Asks: 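Here it is, the structure in full.
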Amino acid sequence: MQKQILWTGIFFMLPISMILFIFLFLPILQSLYYSLTNWTGVGDYSFIGFANYQSIFTDSIFMDTLKRTLFIGLTTALFTNLAGLFIAVLLDQSLFTKNILRVLFYLPNVIPFVVAAFVWRYMLDANDGLLNRTLSMLLSKNIHIPWVDSPSYVIWSIIVISVWQMMGPVIIVYIAALQGVPEHLKEAALIEGASPVKSFFSVTLPMIAPGITVSVLIGLSNGIRIFDLPFALTGGGPANSSETLSIRIYRYAFQSSDLGYAMSASFILTLLVILITFFFVAMSRRYEVGAEGA
Amino acid sequence: MIIRGKKYAVEIFTIIFAAIVSIPLYLVAINSLKSHEEIVRKPLALPHFTVGFSNITRAFEKMDIVKSYSTTLSIVVLVIACGVLLSMLAAYAVSRINQRPFKVMYWVFLSGILVPIQSAMIPLIFILKTFHLNNTLLGIALVYTAIVSPFAIFVFSGFMRTIPRELEEAAFMDGSSLVNTFFKIILPLIKPVTATVIILQFMYVWNDMLLPLVLLNSQDYPTVSIALYKFFGARGAADLSLLFGGISLALLPVIILFLSLQRYFVKGLVAGAVKG
């Protein structure tokens, strides 16, 4: 009987394990392996150690892209969480329109990236975009800020659009976390004379800490992988100024046929995602242990 | 009295906030029913219905949207058929069998969530070629299945752990097999989470641009996202009414699906992801 259950269990896991191995784990391991060779996609190749990494880390275009990607990831995660927590607190106030508002805040996450990129490109157009028209009207002078077409603004436009798109799931995580905070704790703090703001920071915030870890992690790992939005919005331009690591990999591989660089950049991206995750998991473990000890 | 006034203020503030967040969608909704001149002159005004649905029908014809819809839907159906059932089975095994190999496999599945697929792209092309699956719908669907399953397994097993074991143990006593127990007892209980997983997988495939860009020839298999990107990326948005028509075609199916299932969706997401 026990043996039969064991075999059925293995049989249950087998199909998806094979798909995952062939189409996810195998190619990622091959990326790592090929990044240490001079493979060009065809013919023989030899092992060249870390030569690809040595040259990619001295490549200024790549280094700029790496820094930019980290900046986009960190800023997006930060603002997504601030906005998400703020909105979740608002929605937690038993509003009449709570359900419909929750749907409205979630909807941007449902939209295809191309659609988001096109609509925002239209709204942020330098000449007759909605934003510049509104600003011109409010300040009663002509404003033509190139939100998408200038290297200094485009990063912030991408961050704003990503926050707008990624807020939905984060809000849901925070609403669930807020609902887990026992009512009597908040009341006790208020009775003892703490202001609602103080009670939020000293009672609610520590209780929802696990939710914060999860959402910051989601925000960071999505922010660092970002491809579709900048690709459809600007194609990485103007002059590489909105290029992310994922777009860089795509370009190395399919535009400049530089597979060695593409593989090294791929591995660096994977490593970044893994390091960030482990950092957060370790931090949350530590926090939980600390809380138990206290 | 003051407390009630404060509550209304919060409500109005939140509604205004939601309205600002909804501007892009509002623009799509109204401007897909307006002529180019109307959009340029008054982008935020409600439509006069002078053009009716002609923007959408024009975009429908010009973008060859039937082909795009059928391409994307075929991929979605293959992914959901494969991904949902296989993830459920695997999740059942790892959440119910308390043996070391199964616990290890749980973490192996989970680690799949971390893999950024853009890093696996180039070897993936060669792997698909080896299996003669390059530039095929089945090929890309298998890759999508590999991408979305780890999270599905995480959500399913998280939810299954909250189901009391007594039900199954009674069934085992009666001599029911693992397969039988799964289909008779577990499957009906996990319906709400299944709805969530289906919506998430649908949205991922419908919205994704990277995989079709790299793995499919856009002439043979134009997905909706790629069709929209290619159509307006090249010529820019000279005709805004056509642009908004095209956008609403890419948007409608996924919005309709989400709105009709959103009740289950939010519940399932909370139950699966947060408790799990």
Side-chain angles (χ1 to χ4, degrees), chain A residues 5-6 8-9 12-13 15-16 19-20 22-24 26-28 30-31 34 87 90-91 93 95-97 101-105 107-108 110-115 118-120 122-123 128 130 164 172-173 176 225 227-228 231-232 246 249-250 253-254 259 262-263 266-267 269-270 273-274 277, chain B residues 7 10-11 14-15 17-18 21-22 24-25 27-28 40 43 86-87 89-90 92-94 97 99 102 105 112 114-116 118-124 127 142-143 145-147 149 177-179 203 206-210 225 228-229 232 237 243 247 250-251 254-255 258 262 266 269-270 274:
Chain A
I5 289 183
L6 226 58
T8 323
F12 274 12
M13 293 194 307
I16 202 70
I19 293 177
L20 284 176
I22 298 172
F23 298 107
L24 202 64
L26 179 65
I28 206 90
Q30 280 181 323
S31 277
Y34 285 133
I87 295 168
L90 289 176
L91 289 178
Q93 310 290 318
L95 308 176
F96 300 111
T97 45
L101 291 180
R102 197 170 58 182
V103 172
L104 284 181
F105 283 119
L107 270 180
V110 175
I111 296 173
F113 301 104
V114 207
V115 169
F118 283 177
V119 177
W120 277 92
Y122 161 75
M123 293 198 332
D128 40 33
L130 201 61
W164 173 78
I172 291 188
V173 171
R225 296 173 199 209
F227 173 86
D228 302 54
F231 190 79
S246 298
I249 295 172
Y250 176 82
F254 301 102
L259 289 191
M263 298 295 176
S266 295
F267 180 65
L269 176 64
T270 315
V273 174
I274 292 173
T277 310
Chain B
K7 216 179 145 189
V10 170
E11 178 115 31
T14 319
I15 291 174
F17 204 3
V21 167
S22 308
L25 273 174
L27 280 175
V28 176
V40 173
L86 298 183
S87 317
L89 291 174
Y92 187 56
V94 295
I97 303 173
Q99 302 258 1
F102 291 88
M105 279 313 281
L114 294 183
V115 175
Q118 39 281 69
S119 300
M121 223 70 240
I122 301 140
L124 205 47
I127 291 173
L142 284 169
V143 178
T145 306
I147 298 173
S149 296
S177 69
L178 200 65
V179 182
M203 290 196 317
W206 190 272
N207 297 350
D208 183 52
M209 269 178 70
L210 180 67
S225 279
L228 191 69
Y229 176 72
F232 292 105
L243 173 72
I247 284 177
L251 200 53
V254 65
I255 293 270
F258 175 75
Q262 57 93 6
V266 174
L269 206 62
V270 170
V274 178

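Everything numeric in this text was worked out from a predicted model, so none of it was measured. Numbers restart at 1 for each chain; the letters A, B, ... are given by sequence-line order, proteins then strands.
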Asks: Can you say whether B:Met105 sits under 4.5 Å from chain A via the side chain, the backbone, both, or neither, judging by heavy atoms?
Replies: side chain
Asks: Return the set of residues passing side chain to side chain contact (heavy atoms under 4.5 Å, CB included) with B:Ser119 (not counting sequence neighbours), or none when no residue passes.
Replies: A:Ile28, A:Ser266, A:Leu269, A:Thr270, B:Pro116
Asks: Among the options A:Val110, A:Thr8, A:Leu91, A:Ile19, pick out the one with the most heavy-atom pairs lying under 4.5 Å from chain B.
Replies: A:Val110
Asks: Using a 4.5 angstrom heavy-atom cutoff, name the option from B:Ser87, B:Ala146, B:Ser22 with the most pairs to chain A.
Replies: B:Ala146
Asks: Contact part of A:Phe231 toward chain B, heavy-atom cut-off under 4.5 Å: side chain, backbone, both or neither?
Replies: both
Asks: Counting N and O atoms only, with roles assigned by atom type, does the side chain of A:Asp228 sit under 3.5 Å from a partner on the main chain of B:Met209, one being a donor and the other an acceptor?
Replies: yes
Asks: Has the side chain of B:Gln118 got a donor or acceptor atom that lies under 3.5 Å from a matching backbone atom of A:Arg225?
Replies: yes
Asks: Does B:Val10 reach the side chain of A:Leu95, with side-chain heavy atoms less than 4.5 Å apart?
Replies: yes
Asks: Need one label for A:Ile22: side chain, backbone, both or neither, based on atoms under 4.5 Å from any heavy atom in chain B.
Replies: both
Asks: Need one label for B:Val28: side chain, backbone, both or neither, based on atoms under 4.5 Å from any heavy atom in chain A.
Replies: side chain
Asks: Check whether B:Leu114 gets within reach of chain A through its side chain, its backbone, both or neither, counting any heavy atom under 4.5 Å.
Replies: both
Asks: Checking A:Ile249 against chain B: side chain, backbone, both or neither under 4.5 Å from a heavy atom?
Replies: side chain
Asks: Which word best sums up how the rings of B:Tyr92 and A:Phe12 line up, parallel for under 30°, tilted for 30 to 60°, or perpendicular for over 60°?
Replies: tilted
Asks: Does any backbone or side-chain atom of B:Glu11 lie under 4.5 Å from a heavy atom of chain A? Answer side chain, backbone, both or neither.
Replies: both
Asks: Checking B:Leu27 against chain A: side chain, backbone, both or neither under 4.5 Å from a heavy atom?
Replies: side chain
Asks: Assess whether atom CZ of A:Phe254 is packed by more than 12 heavy atoms of other residues, nucleotides or ligands within 6.0 Å.
Replies: yes
Asks: Between B:Leu210 and chain A, which part of the residue has a heavy atom less than 4.5 Å away: side chain, backbone, both or neither?
Replies: both
Asks: When you compare the side chain of A:Leu259 with that of A:Tyr34, does any pair of heavy atoms fall below 4.5 Å?
Replies: no
Asks: Would you indicate whether the side-chain heavy atoms of B:Phe102 and A:Met13 approach each other to under 4.5 Å?
Replies: yes
Asks: Given that the side chain runs from C-beta out, which part of B:Leu228 has a heavy atom under 4.5 Å from chain A: side chain, backbone, both or neither?
Replies: both
Asks: Measuring heavy-atom distances to chain B, does A:Phe96 have an atom under 4.5 Å in its side chain, in its backbone, in both, or in neither?
Replies: both
Asks: Would you check, one step at a time, whether the test side chain to side chain contact (heavy atoms under 4.5 Å, CB included) holds for A:Phe113 with B:Asp208?
Replies: CA-CA 7 Å; A:Phe113 301 104; B:Asp208 183 52; 5.6 Å; no
Asks: Could you tell me which portion of B:Ser225 (side chain, backbone, both or neither) has an atom closer than 4.5 angstrom to a non-hydrogen atom of chain A?
Replies: both
Asks: Report the C-alpha separation of A:Phe105 and B:Thr14 in whole Å, then their side-chain angles, then the decisive distance to 0.1 Å, and conclude whether the side chain to side chain contact (heavy atoms under 4.5 Å, CB included) test is met.
Replies: CA-CA 10 Å; A:Phe105 283 119; B:Thr14 319; 4.2 Å; yes
Asks: Under a 4.5 Å heavy-atom cutoff, which of B:Ile255, B:Val254, B:Val143 has the most pairs with chain A?
Replies: B:Val254
